[in-house]
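Here's a structure for you.
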Amino acid sequence: MYIYKYRPVARVEFGFKPNEKAAFRETAKQIVAKVERDMMWLEPRLCCKVQYLEKTTSGSLRIVSFKGFDFDKVPEAIN
């Protein structure tokens with residue numbers, strides 16, 4: 001399982017069109033790896049593009065906007 005290899009770096013709150021948000025939620029239901037308290041871990045099967053203002057010293061992203069899904073990439077190919 002991938003849970004311990006990855007960590008959250010941002011909360012994407014902007015940029016989702018209603019149809020993209022609905023499609024993501026339906027897909028997310030199918031790839032849930034673990035649920036703990038208020039966080040849902042998903043298997044890393046989707047790739048998307050985001051835009052952000054800056055990266056913090058701890059590696060988190062600030063003011064993140066969703067720019068679209070990237071169906072041509074696979075998670076294993078991304079560093």
Partners meeting side chain to side chain contact (heavy atoms under 4.5 Å, CB included) with Gln30 (sequence neighbours left out):
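Partners of Gln30 by the side chain to side chain contact (heavy atoms under 4.5 Å, CB included) criterion come out as none, since no residue qualifies.
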Write down the atom of Glu20, the atom of Gly15, and the distance for their closest heavy-atom approach.
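Shortest heavy-atom contact: OE1-O, 3.9 Å.
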Consider only side-chain heavy atoms of I, L, V, M, F, W and Y, link residues closer than 4.5 Å, and tell whether Val9 and Leu53 are in one cluster.
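Shared cluster, no.
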Considering non-hydrogen atoms only, spot the tightest contact between Val32 and Met40 and give its length.
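Minimum heavy-atom separation between Val32 and Met40: CG2-SD, 3.5 Å.
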Output all residues satisfying ring pair (Phe, Tyr, Trp, His ring centres under 6.0 Å) with Phe14, sequence neighbours left out; order by chain, then residue number.
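Testing Phe14 for ring pair (Phe, Tyr, Trp, His ring centres under 6.0 Å), a comparison that skips the adjacent residues, returns none.
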With sequence neighbours left out, write down each residue that passes side chain to side chain contact (heavy atoms under 4.5 Å, CB included) with Ala23, or none if nothing qualifies.
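Once residues adjacent in sequence are excluded, Ala23 has no partner under the side chain to side chain contact (heavy atoms under 4.5 Å, CB included) criterion.
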Hydrophobic cluster membership, with links at side-chain heavy-atom distances under 4.5 Å among I/L/V/M/F/W/Y: are Val35 and Leu42 in one?
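Yes, because Val35 and Leu42 connect within a single hydrophobic cluster, where side-chain heavy atoms sit under 4.5 Å apart.
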Which residues satisfy the side-chain hydrogen bond (donor to acceptor under 3.5 Å, both in side chains) test with Glu26, sequence neighbours excluded?
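Result, side-chain hydrogen bond (donor to acceptor under 3.5 Å, both in side chains) vs Glu26: Lys29.
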Side chain to side chain donor-acceptor pair (under 3.5 Å) pairs, two or more places apart, involving residues 48-65:
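Checked against side chain to side chain donor-acceptor pair (under 3.5 Å) - neighbours excluded - the pairs reaching residues 48-65 are Gln51-Lys67, Glu54-Arg62, Thr56-Ser58.
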Could you list the residues that satisfy side-chain hydrogen bond (donor to acceptor under 3.5 Å, both in side chains) with Lys17, not counting sequence neighbours?
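With neighbours one apart ignored, the set is empty.
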Looking only at heavy atoms, what is the nearest atom pair of Leu61 and Ala10, with distance?
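That closest heavy-atom pairing would be CB-CB, 3.9 Å.
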Which distance, rounded to the nearest 0.5 Å, do you find between the CZ of Phe24 and the CZ of Phe69?
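Taking CZ in Phe24 and CZ in Phe69, the distance rounds to 6.5 Å.
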